[in-house]
**Q** 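This is the structure, below, for whatever I ask next.
Hydrogens, waters and symmetry mates are skipped; everything else that's a heavy atom, side chains included, is used. Numbering of residues begins at 1 and proceeds along the displayed sequence.
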Amino acid sequence: MCYTAEETGLITGIIQSYFAPQSVSEQIRRRYWETHQHLQQEQIDHLDLLNIRAALAFVAPVFQGSRQTEKDIWSVIAKTDALLSAAV
């Protein structure tokens, strides 16, 4: 596994809160549900890393007032970028 339990919790929480509700298109829900499943199974791939980075970058502005959450999100984005770079 490349993410800590805390990082996985952050990613999972964001996916469930922002990308799983019925108000989100079926295509987006399916895409992020697969990433969520792969996280739970500790079998993430390149596409999952891209999805994680996109999801975190999308919601990061929402947390600008919360210093710790914003810091955590950008930390996971940086880690995801490093994992993507290492995979190439």
**Q** Checking side-chain contact (heavy atoms from CB on, under 4.5 Å) for the pair I14/F58: CA distance, chi angles, key distance, verdict?
**A** CA-CA 10 Å; I14 287 173; F58 178 78; over 6 Å; no
**Q** Start with the C-alpha gap between I77 and T80, add the side-chain angles, then the distance that decides, and say whether side-chain contact (heavy atoms from CB on, under 4.5 Å) holds.
**A** CA-CA 5 Å; I77 289 172; T80 303; 5.6 Å; no
**Q** Give, for atom OG1 of T8 and atom CD of E42, the distance between the pair rounded to the nearest 0.5 Å.
**A**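 Answer rounded to 0.5 Å: 7.5 Å.
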**Q** Measuring from L49:CG to H38:NE2, what's the distance to the nearest 0.5 Å?
**A**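 Nearest 0.5 Å value for the CG-NE2 distance: 11.5 Å.
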**Q** Might you confirm whether atom CD of Q41 has over 12 heavy atoms from other residues, nucleotides or ligands at distances under 6.0 Å?
**A**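 Atom CD in Q41 is packed in, count exceeds 12.
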**Q** State yes or no: do V62 and I11 share one hydrophobic cluster built from I, L, V, M, F, W and Y residues joined by side-chain heavy-atom distances below 4.5 Å, directly or via other members?
**A**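 Linked within one cluster.
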**Q** With a 4.5 Å cut-off on side-chain heavy-atom distances among I, L, V, M, F, W and Y, is there a chain of contacts connecting L47 to L56?
**A**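 No, separate clusters.
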**Q** Taking R30 first and then E26, would you say they form a salt bridge - that is, a charged N and a carboxylate O separated by under 4.0 Å?
**A**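 Counted as a salt bridge, because a side-chain N and a carboxylate O are separated by less than 4.0 Å.
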**Q** Return the minimal non-hydrogen interatomic distance between Y32 and N51, and the atom names on each side.
**A**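 Smallest heavy-atom distance, with atoms named: CE2-O, 3.2 Å.
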**Q** Can you give me the closest heavy-atom contact between D48 and Q43, atom names plus distance?
**A**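 Result for this residue pair: OD2-O, 4.0 Å.
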**Q** Please give me the minimum heavy-atom distance between V24 and Y18, naming the atom from each residue.
**A**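 Closest heavy-atom pair between V24 and Y18: CG2-O, 3.5 Å.
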**Q** Indicate the atoms forming the closest heavy-atom contact of K79 with T4, along with that distance.
**A**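 It is NZ-N, 4.1 Å.
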**Q** Take T35 and I52, measure what side-chain contact (heavy atoms from CB on, under 4.5 Å) needs, and give me the verdict at the end.
**A** CA-CA 8 Å; T35 295; I52 290 166; 3.8 Å; yes
**Q** Under a single-linkage definition using a 4.5 Å side-chain heavy-atom cutoff for Ile, Leu, Val, Met, Phe, Trp and Tyr, are I28 and W33 assigned to the same hydrophobic cluster?
**A**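 The answer is no; the residues belong to distinct hydrophobic clusters.
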**Q** To the nearest 0.5 Å, how far apart are CD1 in I15 and CD in E34?
**A**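 Reported value, rounded in 0.5 Å steps: 11.5 Å.
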**Q** Just verifying a value: how many Å separate Y3 OH and L83 CG, rounded to the nearest 0.5 Å?
**A**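 Nearest 0.5 Å value for the OH-CG distance: 5.5 Å.
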**Q** Step by step, would you call R67 with K71 a side-chain contact (heavy atoms from CB on, under 4.5 Å)?
**A** CA-CA 6 Å; R67 287 173 114 26; K71 178 183 168 197; over 6 Å; no
**Q** Using every non-hydrogen atom in the two residues, find where H36 and Q16 come nearest and quote the distance to one decimal.
**A**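 Minimum heavy-atom separation between H36 and Q16: NE2-NE2, 3.3 Å.
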**Q** Would you find a donor on one side and an acceptor on the other, under 3.5 Å apart, between the side chain of R29 and the backbone of Q22?
**A**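 It does hold such a pair.
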**Q** Work out which heavy atom in I73 is nearest to a heavy atom in A60; give both atom names and the distance.
**A**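 Nearest pair, atom of I73 first, then A60: CG2-CB, 4.0 Å.
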